[in-house]
Amino acid sequence: MLTVTVFIKKDCRLCEQVEADLQTLQDRYPHKLVIINIDDDAHLQAAYVESIPVVEVGPYQLKAPFNRQKLAITLGAAQDRKQHLESIDDDAYRDSVKRGQRVSKGDRFAHWFSNHYILVFNFLVFLYVGLPFLAPVLQRAGATAPAAVIHRVYSGLCHQLAYRSWFLFGEQPVYPRAAAGLDNYKTFHEATGLNEDVLLPARQFVGNDTVGYKVALCQRDVAIYGAILVFGILFSLTGRKLKPLHILIWLGIGLGPIALDGGSQLLSMYASAFDGPFWDNLGQVFPPRESTPLLRTLTGFLFGFTTGWFGYPLMEEAMADTRLLLTKKFSQVGED
């Protein structure tokens, strides 16, 4: 028997007419009728409101306006297709029919996740950007072992250079390199006595009672993931209705500034570290420079926020398709 799914809305004369036509066609094309009211689901409204009533049977779909004759032709085509697939004993078709007749645990999880994914991602990003701040809190409290675990875990995800990181509970929130030119702050060398040009000690330094304790994620990464979290919360509060950011805006406002700031800093560092004509020429194009905490935070925030704006709405489109498919399946099987 065919399964015919009809999407309707309240006070719709055409919807009532389709239901009546299907009733008259029941003897000729036996079918199970599934009615889905889009008024009960905002996402269904967005998908179908301009086309109601919508009839779906097998791979065929009819959108208003259509008449009884076209409806009969569609039912006939679906019935012929079904009989043909059954006659050739197609394994893929048989498996598809079986899957369509039951709701699995995977279906239930996919439906739940498609409705709550933004809360899951926001929670995971909150943990990711929040745990590095727990490390200095633990160190301050004397729990150095768990703090060391956090630093060790994040060491594979971030350079953790102390002069490009935030500090808590100390004299200053940052201890930049002298090359950054922040006259109102003690430099990293002045505060610690360590050589600013040697990476490993700056990476391994986690702080002390005087200078404070280092956050386990650098300033730029904190800004990136913090901005993704900010957009994720905003996206959730607006009902996940924001449209994706245009890729050119993401490239220009999101990727451009962070690539310029971080890339020029990296190239200038390489140019000053090696000898030879190539490196001398590179050093002329990218003279030695050290970005500031403000620039790292600003460019990181722009990148994170625009990346969230570019990615989350696209993800919502995919999740909306998943919700639609599962809503139809649950209705056809007879489960909520």
Side-chain angles (χ1 to χ4, degrees), residues 1-86 92-104 107-108 110-117 238-244 313-336:
M1 179 181 292
L2 297 173
T3 297
V4 179
T5 304
V6 182
F7 296 87
I8 66 169
K9 63 182 179 180
K10 295 176 182 177
D11 302 323
C12 172
R13 184 183 60 79
L14 291 177
C15 300
E16 295 172 358
Q17 183 61 51
V18 167
E19 291 185 55
D21 289 341
L22 285 169
Q23 183 62 38
T24 63
L25 293 168
Q26 179 66 248
D27 292 338
R28 186 176 174 188
Y29 304 107
H31 60 268
K32 173 186 175 183
L33 180 60
V34 177
I35 303 294
I36 299 178
N37 192 327
I38 68 168
D39 293 324
D40 301 328
D41 190 310
H43 301 290
L44 290 178
Q45 289 181 32
Y48 290 115
V49 69
E50 300 295 332
S51 309
I52 291 298
V54 175
V55 175
E56 293 185 356
V57 50
Y60 306 109
Q61 183 184 78
L62 283 176
K63 296 181 179 181
F66 55 86
N67 54 29
R68 183 179 181 278
Q69 181 181 10
K70 194 168 185 179
L71 181 60
I73 293 172
T74 302
L75 291 175
Q79 183 169 275
D80 290 344
R81 177 180 180 275
K82 183 174 184 294
Q83 291 172 349
H84 172 70
L85 291 172
E86 288 175 345
Y93 173 74
R94 187 169 57 250
D95 292 341
S96 176
V97 170
K98 288 181 179 179
R99 288 195 302 271
Q101 291 174 342
R102 64 183 181 87
V103 175
S104 67
D107 291 332
R108 297 185 194 282
H111 188 255
W112 177 87
F113 185 76
S114 68
N115 280 290
H116 301 93
Y117 74 92
T238 56
R240 307 192 299 256
K241 294 180 180 178
L242 294 175
K243 298 299 181 183
L314 291 176
M315 190 178 301
E316 170 60 20
E317 291 178 6
M319 293 297 176
D321 289 340
T322 299
R323 288 193 296 270
L324 177 58
L325 288 172
L326 290 173
T327 296
K328 289 192 288 186
K329 182 175 183 179
F330 292 171
S331 298
Q332 291 167 0
V333 174
E335 296 193 23
D336 294 330

Would you mind reporting whether [Y] and [X] have side-chain heavy atoms less than 4.5 Å apart?
{"X": "L71", "Y": "Y29", "value": "no"}
{"X": "P30", "Y": "Q79", "value": "yes"}
{"X": "I8", "Y": "E16", "value": "no"}
{"X": "T322", "Y": "F113", "value": "no"}
{"X": "K70", "Y": "L62", "value": "yes"}
{"X": "Q61", "Y": "F7", "value": "no"}

Look up atom [atom1] in [X] and atom [atom2] in [Y], then write down how far apart they are to the nearest 0.5 Å.
{"X": "L22", "Y": "H31", "atom1": "CG", "atom2": "NE2", "value": "4.5 Å"}
{"X": "C12", "Y": "Q17", "atom1": "SG", "atom2": "CD", "value": "10.5 Å"}
{"X": "K32", "Y": "Q26", "atom1": "NZ", "atom2": "CD", "value": "12.5 Å"}
{"X": "D321", "Y": "L326", "atom1": "CG", "atom2": "CG", "value": "11.0 Å"}
{"X": "I52", "Y": "N37", "atom1": "CD1", "atom2": "CG", "value": "8.5 Å"}
{"X": "E19", "Y": "I35", "atom1": "CD", "atom2": "CD1", "value": "4.0 Å"}

Sidechain-backbone polar pair: Q45 side chain, D39 backbone, donor-acceptor under 3.5 Å = yes

key: CZ/R68: more than 12 non-hydrogen atoms of other groups inside 6.0 Å   = yes

key: Heavy-atom neighbours of D11 CG exceed 12 at 6.0 Å   = no

key: Full working for side chain to side chain donor-acceptor pair (under 3.5 Å) between D21 and T24   = CA-CA 5 Å; D21 289 341; T24 63; 4.8 Å; no

task = Name the orientation class of the two ring planes belonging to H116 and W112 (parallel below 30°, tilted from 30 to 60°, perpendicular beyond 60°).
result = parallel

query = When you look at T74 and V55, which way does the side chain to side chain contact (heavy atoms under 4.5 Å, CB included) test go after all the steps?
reply = CA-CA 9 Å; T74 302; V55 175; 5.9 Å; no

Partners passing ring pair (Phe, Tyr, Trp, His ring centres under 6.0 Å) against F66 (at least two apart in sequence or in another chain) = none

